[in-house]
Structures are given as structure tokens and as C-alpha cells.
Undergrad: 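Before I ask anything, here is the structure I am working with.
Order of listing sets the numbers, starting from 1, for every ligand and every atom in it. The chain is numbered in sequence order, starting from 1.
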Amino acid sequence: ATSHLDLYEPLDIIGNGSFGIIRKVRRKSDGEILARKELNFERMSERDRKQIVAEVNILKDLSHENIVRYIDRFVDRDAGILYILMEYCDGGDLSSVIKQCGRQNRPLPEDTVWSYFFQLLLALQHCHCPNQSGKPGESDAPKRQQILHRDLKPENVFLSGSNTVKLGDFGLSKALGQTSFANTYVGTPYYMSPELIQEKSYDTKSDIWSLGCLIYELCASKPPFHEAQTHSELSMLIRNGRIPPLPKGYSHALNQVIKAMLNLNPAMRPSAQQLLQHERIDFARKVSE
Ligand SMILES: CNC(=O)c1c(C)[nH]c(/C=C2\C(=O)Nc3ccc(Cl)cc32)c1C
């Protein structure tokens, strides 16, 4: 019987994640281009293997336009490699877009920022409030537990076409409900929220903090607390909560909504649901429809 591997023609390597690579592949049956994560689990610790299994199980449950679609997985026991097949996003990741804006000193247009912001809010809302998307008959959908992304950063957001963003790499996310709030710190130091510095628990408002850092970085081409050289300097900058204003040309409204997401007190930060009511987000929604 043809093994899974023979069903796909390997093309170029497009990324390297924490445990392996991401390769572009062509499905031979219909020529569809996909992305395949290749993870060498022989070198992984037991804990990391559990993490990957948890990621796949989380991704399987999520089906949303703004979350990278999980397609299939299979293991090559001899080679000790786990293959995870996902949708291909031809625009690459947001971190490359930000680097390009910084290099060419051409900031992202404000309308593009609001559109990406809107789409990421839809993705987060789908994770944070499982049955809130308001689709008719939603109430009889199987109850899925709340999911936290926990590592929202430009390297984990991918572009499909020129203006659809997709949240990817749930490697560090935690499905709540099985355990209490995850209080082991993980994620990108620059996007570390104040509650994580004080080793308090991580919750949906920590994802909102990271989203605030990401939207800030889209405009300024660097994270809000970038000047820090050491961990302790970073935590001092974060706790004094002073955020350098965005470059000229971005509206007061955008500055304000970023400030609200970067409130030191998690309870004061707006939820994804509340942010989706913002008038400029509503405008982005209308533009996208
Ligand atoms: C240089 N690399 C790229 O331009 C690039 C492209 C064209 N696609 C990707 C990444 C993904 C891609 O295309 N689909 C994905 C699904 C899940 C995850 Cl975690 C990543 C991807 C990347 C990193």
C-alpha cells in the first residue's frame, strides 16, 4: 500500500518551527498545495511530545476562517517523524511583513492594521468563547472548552492572499477545563504580560495583552517594550506601563485601543468580544464583507 508519504510531493522548506521544519507539499490526488510540519519526536522529551499531541488535538477542534486549518497527521515510525498537514498560507508570516515595513520605512496603512486586528479578534473570540460566534443553531454545537493561545506573536500569524490573516502554531496553547489556569510561564519575552511577570495565572486577558503588543508592532515595526536589554529591564518597562506613542499618521483611536489592551490590570483590558464592538472594528468588518 502506498504510505502516506507517497501521497504528497515534497516541495521547498518554508519555515523552521521549535521542533522541526515546515515544508510546502503538493497533494498528488488533486494537486492541492499544503503546508506540512515535520517534527522529529525522537529527540523530544516526553513532555514536549505531550505538548505536540495536545496542539494537534486543539487544532483539530478549531475550524475558523482566521485559524490555520488542520488537515491530517501521520507518523513515520522508522524515521521517528510526526507529519502534520495544514492549509498553506502563501503570504508567509506577519514577522516578515513587519521586517519589510521597517526596512523600507513604509509603515503598514492604518486600514490594513484594523483589518488584521479585526480578523485576529475573530480568531481569539473563537478560541476564548467557544459558542459565541452567534451562528444560528450554535447552542446545540458540542461544548468545546475555552482555548488560550498563549503565544500570540507575529511569527505565529500567517497571511493567505494579501489580506486574510490566520492564527497558527497553537504549540503552546492550553485547553482549559482539564487543568486549572496554566501558570507556567511560556511565550515570547517581549510580549510577556505583567501578570506573567508576577507569575500569576494566565487567562484570556493575557492573550489580549499579547494582541495589543502585536498590533503596536504592526504600526511601529517594533514591540512596545523593545528598549529593554535584560529581563529585569523589560519587566520594569512593562510594569511602569509607559507605552511609546505610535509613529505619526496613526489615529488617536488606534493609540487608545492599543493602550486599553496594554492596561497593567488584566481585568481592565477589554475582551475580544468587547473589542469586536469597537466602531473602527465594525467598519473593518463592513469593508471585509
Ligand atoms: C519564508 N516562509 C514563508 O514565506 C512561509 C509560507 C509561504 N508559509 C509559511 C507558513 C505556514 C503555511 O503556509 N501554513 C502554515 C500552517 C501552520 C503553520 Cl504553524 C505555519 C504555516 C511560511 C513560514
Undergrad: Quick check on ligand 1: any N or O pairs to the protein under 3.5 Å? One line per pair.
TA:
unit_1	atom_1	unit_2	atom_2	d
ligand 1	2 (N)	Ile14	O	2.6
ligand 1	8 (N)	Cys89	O	3.1
ligand 1	13 (O)	Cys89	N	2.7
ligand 1	13 (O)	Cys89	O	3.3
ligand 1	14 (N)	Glu87	O	2.8

Undergrad: Please determine which of Arg26, Lys24, Arg23, Arg36 meets the salt bridge (charged side-chain N to carboxylate O under 4.0 Å, His left out) test together with Glu9.
TA: Arg26

Undergrad: Less than 4.0 Å between a side-chain N and a carboxylate O, is that true for Lys60 and Glu55?
TA: no

Undergrad: State whether Glu195 and Arg269 are salt-bridged, where the test is any N-O pair (Lys NZ or Arg NE/NH1/NH2 against Asp/Glu carboxylate O) under 4.0 Å.
TA: yes

Undergrad: Which is it for Tyr83 and His4 under the ring pair (Phe, Tyr, Trp, His ring centres under 6.0 Å) test, yes or no, and what are the steps along the way?
TA: CA-CA 10 Å; Tyr83 294 97; His4 266 93; 9.2 Å; no

Undergrad: Are Glu110 and Arg280 ion-paired here, with the side-chain N under 4.0 Å from a carboxylate O?
TA: yes

Undergrad: Is it the case that the side chains of Asp93 and Ser96 hold a donor-acceptor pair, with the cut-off being a distance below 3.5 Å and no angle test?
TA: yes

